[in-house]
Amino acid sequence: MLRITVLSGENAHPRVMLAALTETAVRHTLIRHDREIIATMRERGSEIVPEAEDARAALIASNRALEYTLEKAMRSPEQIAPEMELCIRSEDTYCGRLRFYCPPPETFLESPPETDAFLLIVSPGAPMLVYPYIFRQVEEDKTLPVCTALLCTAPPAENSEPGISLQNIAPDLTECVFGMNKSVRYYHPCGFAPDGKICSPENASPCGAGEIFWDLVRFTARNRRDALEKKIRTLRQTIMHRNSVYQSGSQRRRLELAQARAAYAEAVKQLYEAQMLLAAESGINLRKE
């Protein structure tokens with residue numbers, strides 16, 4: 001499972017983002033490179049089930065999605081759960097899971113959660129509110145991807161660049177994430193009607209949420225893949241070294257070998273998930289016909 005931490009200087013924004021992503025990715029069919037991508041809230045273990053159980057699993061997932069409506073998020077964001085898991089399938093192939101988490105600001109600074117990427121929601125009126133959260137984390141790990149959703153109140157102009165807008169609004173933030181895997185997108189949870197007016201939550205068409213979703217899939221999967229490939233190479237060397245006949249007489253060496261084998265198997269499983277999610281995003285076909 002790929003973990004994404006959603007941060008903002010305002011408590012409501014992260015939970016509204018979960019609702020906007022649900023509206024975009026779960027309630028509507030996603031098409032990526034001419035393939036149908038299905039995002040659901042199926043429970044763990046029910047990603048692929050016998051046909052007799054599939055209807056029940058789909059109903060449970062549908063009921064879960066109803067808990068993340070934009071109407072509720074805009075009216076009472078505290079009623080939206082601070083975390084959400086999505087099961088991703090490419091047509092009939094299970095790819096993996098994404099977990100979104102909105103940590104309370106007061107606990108994040110004390111104990112940041114383990115994560116594979118950050119999703120920052122920046123308000124032009126107060127961009128500095130996100131600084132304490134991201135600055136600390138970037139100091140600890142510059143390899144983590146950062147996707148930024150820049151809130152807008154009107155449809156962006158065709159020639160407007162969100163990266164340049166963010167640099168003008170929050171130069172310190174732009175400098176902080178320089179050199180990192182990152183993206184910046186204009187975003188509004190409800191979106192805009194053809195006449196430029198903001199849509200109602202009941203008829204929302206989130207602006208930028210689809211692009212943000214795929215940015216997160218690409219960055220998190222690629223980052224996890226690279227880290228796991230490095231880990232697997234190290235574990236393989238340990239296994240080869242500890243598996244020699246000269247090591248077999250040591251109980252400690254045998255224990256280290258067993259631990260390395262277990263870690264290797266888990267890393268390979270996680271690598272497969274990262275590769276499949278990356279394939280869904282980039283259009284690569286990893287299935288052997």
Side-chain angles (χ1 to χ4, degrees), residues 1-8 11-32 35-103 115-117 119 121 147 149 185 187-191 198-218 220-221 273 276-277 280-281:
M1 183 188 329
L2 302 184
R3 303 155 302 182
I4 299 163
T5 301
V6 187
L7 296 171
S8 176
N11 291 339
H13 289 331
R15 302 192 190 207
V16 173
M17 172 61 81
L18 297 190
L21 290 171
T22 300
E23 183 70 30
T24 298
V26 178
R27 294 194 177 90
H28 294 83
T29 300
L30 295 171
I31 302 297
R32 191 72 172 174
R35 293 182 186 174
E36 185 178 74
I37 306 296
I38 301 172
T40 65
M41 293 187 183
R42 285 178 176 251
E43 296 175 305
R44 296 187 208 181
S46 66
E47 295 87 355
I48 301 176
V49 294
E51 186 175 350
E53 301 176 23
D54 191 65
R56 178 177 179 275
L59 179 60
I60 293 174
S62 179
N63 289 337
R64 283 190 169 188
L66 290 175
E67 299 175 6
Y68 297 87
T69 64
L70 270 170
E71 302 98 295
K72 182 192 294 185
M74 301 295 285
R75 182 180 66 253
S76 305
E78 68 279 358
Q79 294 185 17
I80 302 294
E83 56 187 274
M84 176 179 78
E85 285 189 19
L86 298 183
C87 166
I88 309 299
R89 291 194 300 174
S90 175
E91 298 175 337
D92 61 344
T93 303
Y94 170 66
C95 298
R97 302 182 74 88
L98 302 175
R99 179 180 183 268
F100 296 85
Y101 177 52
C102 310
T115 189
D116 294 296
L119 171 53
I121 306 164
C147 297
R185 301 285 185 179
Y187 159 75
H188 191 281
C190 293
I198 296 175
C199 296
S200 66
E202 296 78 11
N203 299 287
S205 179
C207 170
E211 293 82 357
I212 291 168
F213 175 82
W214 288 117
D215 286 344
L216 289 167
V217 173
R218 179 173 68 257
T220 54
E273 179 183 39
M276 291 302 294
L277 286 169
E281 188 281 328

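As a basis for the values below, the full set of heavy atoms in this structure was taken, side chains included, without hydrogen atoms, waters or symmetry mates.
Within the 4.5 Å cutoff, the side chain of Met1 has heavy atoms near those of the Arg44 side chain. In this structure, Glu281 and Thr220 have side chains that are not in contact, with every pair of non-hydrogen atoms separated by 4.5 Å or more. Annotation: side chain of Pro206 is in contact with side chain of Leu70 (closest heavy-atom distance under 4.5 Å). No side-chain heavy atom of Leu98 sits less than 4.5 Å from a side-chain heavy atom of Leu216. Within the 4.5 Å cutoff, side-chain heavy atoms of Leu30 are placed close to those of Phe213. Contact check for Asn11 versus Pro77: no side-chain heavy atoms found under the 4.5 Å cut-off. Residues Glu273 and Tyr94 meet the side-chain proximity criterion, which asks for heavy atoms closer than 4.5 Å.
One finds the CZ atom of Arg185 at 13.0 Å from the CH2 atom of Trp214 (value rounded to the nearest 0.5 Å). If you take CD1 on Ile37 and CD1 on Ile31, they are separated by 8.0 Å, rounding to the nearest 0.5 Å. Note that CD1 of Ile198 and SG of Cys207 are 10.5 Å apart. Values are rounded to the nearest 0.5 Å. Here the OG-CZ distance, from Ser90 to Arg32, works out to 11.5 Å after rounding to the nearest 0.5 Å. Separation of atoms NZ (Lys72) and CD (Glu67) is listed at 6.0 Å; rounding is to 0.5 Å. For the atom pair CD (Glu85) and CE (Met41), the distance works out to 10.0 Å, reported to the nearest 0.5 Å.
Across all their heavy atoms, Cys95 and Met276 have their closest contact at O-CB, 3.5 Å. Nearest heavy-atom pair across Val217 and Leu277 is CG1-O, 3.6 Å. The shortest heavy-atom contact between Ala65 and Arg27 is O-NH2, 2.7 Å. Here the shortest heavy-atom pairing between Pro103 and Leu7 reads CG-CD2, 3.8 Å. Considering every non-hydrogen atom in both Ala204 and Glu23, the closest pair reads O-OE2, 4.0 Å. Here the shortest heavy-atom pairing between Ala149 and Ile212 reads CB-CD1, 3.6 Å.
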*For Arg64 and Glu43, run salt bridge (Lys or Arg N to Asp or Glu O under 4.0 Å): C-alpha distance rounded to whole Å, both residues' side-chain angles, the deciding distance at 0.1 Å, then the answer.*
CA-CA 9 Å; Arg64 283 190 169 188; Glu43 296 175 305; 3.5 Å; yes

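Side-chain atoms of Thr115 come within 3.5 Å of backbone N or O of Arg3 as a donor-acceptor pair. In this structure, the side chain of Asp116 does not engage the main chain of Ile4 through any donor-acceptor pair within 3.5 Å. A donor-acceptor pair under 3.5 Å is absent between the side-chain atoms of Ser205 and the main chain of Gly191, judged by distance alone.
Checked against side chain to side chain contact (heavy atoms under 4.5 Å, CB included), Ser200 has the following partners two or more places apart in sequence or in another chain: Glu202, Asn203. A search for side chain to side chain donor-acceptor pair (under 3.5 Å) contacts involving Arg75 returns nothing, not counting sequence neighbours.
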Counting only pairs under 3.5 Å, give me each side-chain donor-acceptor contact of residues 12-22, with atom names and distances, residues two or more places apart or in other chains.
unit_1: His13; atom_1: NE2; unit_2: Glu10; atom_2: OE1; d: 3.3
unit_1: Arg15; atom_1: NH1; unit_2: Glu78; atom_2: O; d: 3.4
unit_1: Arg15; atom_1: NH1; unit_2: Ile80; atom_2: O; d: 2.7
unit_1: Thr22; atom_1: OG1; unit_2: Leu18; atom_2: O; d: 2.8

